[in-house]
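Right, one structure below, let's go through it.
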Amino acid sequence: MTLSSAKHIVKLADQLSGYTGLRETQICSRVFDDSNKIRRIRDGADLTIESYNRALAWFAKFWPQKLKWPDDIVRPEVEEREPLPKAAK
């Protein structure tokens, strides 16, 4: 997996966070079951192809209808989109 591909996940998380108000760690926990994975990607860590594909599928499934998907990232097809689960208080 290239660093630029891993940065797609960072971009998606940033946009989703800005739109929903969820913290990066909350999104990261939902996507990877690891609240620090996106921080590590920002710091130069890489992703396996399997982790990248799973993350993209998660974002595609839960991406808000009113938020435009980034043009530079290919959006995978999903069988059914779902609303983003609410954050725990």
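These figures come from a predicted structure and were not determined experimentally.
Considering only heavy atoms from C-beta on, Gln15 comes within 4.5 Å of Trp63 through its side chain. Inter-residue side-chain proximity for Pro64 and Leu16 is flagged as met; some heavy-atom pair is nearer than 4.5 Å. Annotation: side chain of Leu56 is not in contact with side chain of Arg75 (no heavy-atom distance under 4.5 Å).
The aromatic rings of Trp58 and Phe62 sit tilted, their planes meeting at an angle between 30° and 60°. Between Tyr52 and His8, the ring planes are tilted. Angles from 30° to 60° get that label.
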Residue pair Asp14, Lys7: steps toward the salt bridge (charged side-chain N to carboxylate O under 4.0 Å, His left out) verdict: CA-CA 10 Å; Asp14 286 346; Lys7 295 293 184 184; over 6 Å; no
Evaluation steps, side-chain contact (heavy atoms from CB on, under 4.5 Å), between Thr25 and Arg39: CA-CA 8 Å; Thr25 55; Arg39 180 190 52 78; over 6 Å; no
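Screening Ile73, Val31, Ile27 for a side-chain contact (heavy atoms from CB on, under 4.5 Å) with Leu12, the sole residue that qualifies is Ile73. Each of Asp46, Asn36, Val10 was evaluated against Ile41; a single residue qualifies, Val10, per the side-chain contact (heavy atoms from CB on, under 4.5 Å) test.
Sparse packing is recorded around CG of Asp33, with 12 or fewer heavy atoms of other residues, nucleotides or ligands lying under 6.0 Å away. Counting heavy-atom neighbours within 6.0 Å of Arg23 CZ, excluding the residue itself, gives a total of 12 or less.
With rounding to the nearest 0.5 Å, the separation of CD1 in Ile9 from CZ in Arg54 is 11.0 Å. Taken to the nearest 0.5 Å, the NZ atom of Lys37 stands 8.5 Å off from the SG atom of Cys28. Atom-to-atom distance recorded for Ser35:OG and Arg30:CZ is 12.5 Å, nearest 0.5 angstrom.
Minimum heavy-atom separation, Ala55 to Phe32: CB-CZ, 3.7 Å.
Ion pair Lys61/Glu77 not flagged as a salt bridge, since none of the NZ, NE, NH1 or NH2 atoms sits closer than 4.0 Å to an Asp/Glu carboxylate oxygen.
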